[in-house]
Amino acid sequence: MTSVTKVLPRTGSHRWRFGGGTRKLILLVHIVSVGVWVGLDVAMAVLIFTAMGTDDPHVRGFTLQALGLVTVWPMLTAGLLSLATGVLLGLGSRYGLVRYWWVLTKLVLTVALCTLIAVALRGGAAEAAAAGRVMATGVSVAWNSGDMLFPPIVSSTALLVAFALSVFKPWGRLRRGRSRGGRS
């Protein structure tokens, strides 16, 4: 039994799809990577809001140091794994990669979030962790909590939207520029 099967669509061109076992394995890795990403996002939110809400400089320092550990590289790894498995699922399933609006929207959201992690969150998390190391020694350091307030809100909202798109699959197919055989 092969893990990839050939399917002949009505147009006569060859298109491959994953066999059941391979598709389920990729789907499992996709779901787990998104779950890890959401978990890291929640941990980031807890650490940021704990640092913002405490008056104890030691607690603030330790939470900001922990923020440096659970954000950028673990989140980016989970996001890129989610992106890679999502692309594989899109290419190897009937939904396609850019055949439906909801799939395209999820793809854009995932690419945007991964880019934001690598570009915007990396600097803020590094600054927060550096400030946290100093705070943990008991030295008072000014930390602008506003810089780190939006990442967990934006990321959580975007991931929730992606989840909802996966469940409800709204909006239907993208329109094609030309129709094939009277179908669009």
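No continuous path of ILVMFWY side-chain contacts below 4.5 Å connects Leu25 to Leu88, so the two sit in separate hydrophobic clusters. Residues Val72 and Ile153 share a single hydrophobic cluster, defined by chaining ILVMFWY side chains whose heavy atoms lie under 4.5 Å apart. In the hydrophobic clustering of this structure, Val36 does not group with Val29; members are Ile, Leu, Val, Met, Phe, Trp, Tyr whose side-chain heavy atoms approach within less than 4.5 Å, directly or through other members. A continuous path of hydrophobic side-chain contacts links Ile48 to Trp73 [ILVMFWY only; heavy atoms under 4.5 Å]. Using a 4.5 Å cut-off between side-chain heavy atoms of Ile, Leu, Val, Met, Phe, Trp and Tyr, with links allowed through other members, Val70 and Phe49 fall into the same hydrophobic cluster.
Looking at heavy atoms from C-beta onward, Leu149 lies in side-chain contact with Met52 at the 4.5 angstrom threshold. The shortest distance between side-chain heavy atoms of Leu109 and Leu159 does not fall below 4.5 Å. By the 4.5 Å heavy-atom criterion applied to side chains, Trp101 and Leu174 are counted as neighbours. The shortest distance between side-chain heavy atoms of Leu64 and Leu67 falls below 4.5 Å. With contacts defined as side-chain heavy-atom distances shorter than 4.5 Å, the pair Leu81/Trp37 does not qualify. Leu89 places none of its side-chain heavy atoms less than 4.5 Å from the side chain of Tyr95. Val87 places a side-chain heavy atom less than 4.5 Å from the side chain of Leu107. With a 4.5 Å cut-off on side-chain heavy atoms, Phe168 and Trp102 do not count as touching.
A donor-acceptor contact shorter than 3.5 Å is absent between the side chain of Arg173 and the backbone of Arg99. With hydrogens and angles disregarded, no donor-acceptor distance shorter than 3.5 Å links the side chain of Ser82 to the backbone of Ala78. Under the 3.5 Å distance criterion, the side-chain polar atoms of Thr54 are left unmatched by any main-chain donor or acceptor of Ala51.
Listed here is the closest heavy atom pair of Gly68 and Ala129: CA-CB, 4.0 Å. Smallest separation of non-hydrogen atoms from Leu113 and Ser155: CD2-CA, 4.0 Å. Heavy-atom minimum distance, Tyr100 versus Arg94: CE1-O, 4.0 Å. Heavy atoms only, all atoms of each residue included: Thr110 and Gly79 are closest at CG2-O, 4.0 Å. Scanning both residues, Thr85 and Ser33, for their nearest heavy atoms gives OG1-OG, 4.3 Å. Annotation for Cys114 and Leu80: closest pair SG-N, 3.8 Å, computed over non-hydrogen atoms.
Here the CG atom belonging to Leu76 is positioned 11.0 Å from the CG atom belonging to Leu116, to the nearest 0.5 angstrom. In this structure, the separation between CG on Asp41 and CD1 on Ile117 is 8.0 Å, given to the nearest 0.5 Å. Rounding to the nearest 0.5 Å places CZ of Arg23 at 11.5 Å from CG of Leu28. In this structure, CG in Leu160 is found 9.5 Å from CG in Leu165, a value given to the nearest 0.5 Å. Here the straight-line distance linking atom CZ of Phe62 with atom OG1 of Thr50 works out to 14.5 Å at 0.5 Å rounding.
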Kindly list each side-chain donor-acceptor pair under 3.5 angstrom involving residues 131-146, sequence neighbours excluded, with atom names and distances?
residue	atom	partner	partner atom	Å
Thr137	OG1	Val134	O	2.5
Asn144	OD1	Gly146	N	3.2
Asn144	ND2	Asp147	OD1	3.3

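Annotation for Trp171: atom CH2 counts as buried by contact number, over 12 foreign heavy atoms lying within 6.0 Å. Summarising the local packing, NZ of Lys169 is surrounded by more than 12 heavy atoms from other residues, nucleotides or ligands at distances under 6.0 Å.
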Please determine whether side chain to side chain contact (heavy atoms under 4.5 Å, CB included) holds for the pair Met44 and Leu121, giving the CA-CA distance in whole Å, both sets of side-chain angles, and the decisive distance to 0.1 Å. CA-CA 11 Å; Met44 176 178 63; Leu121 184 61; 4.1 Å; yes
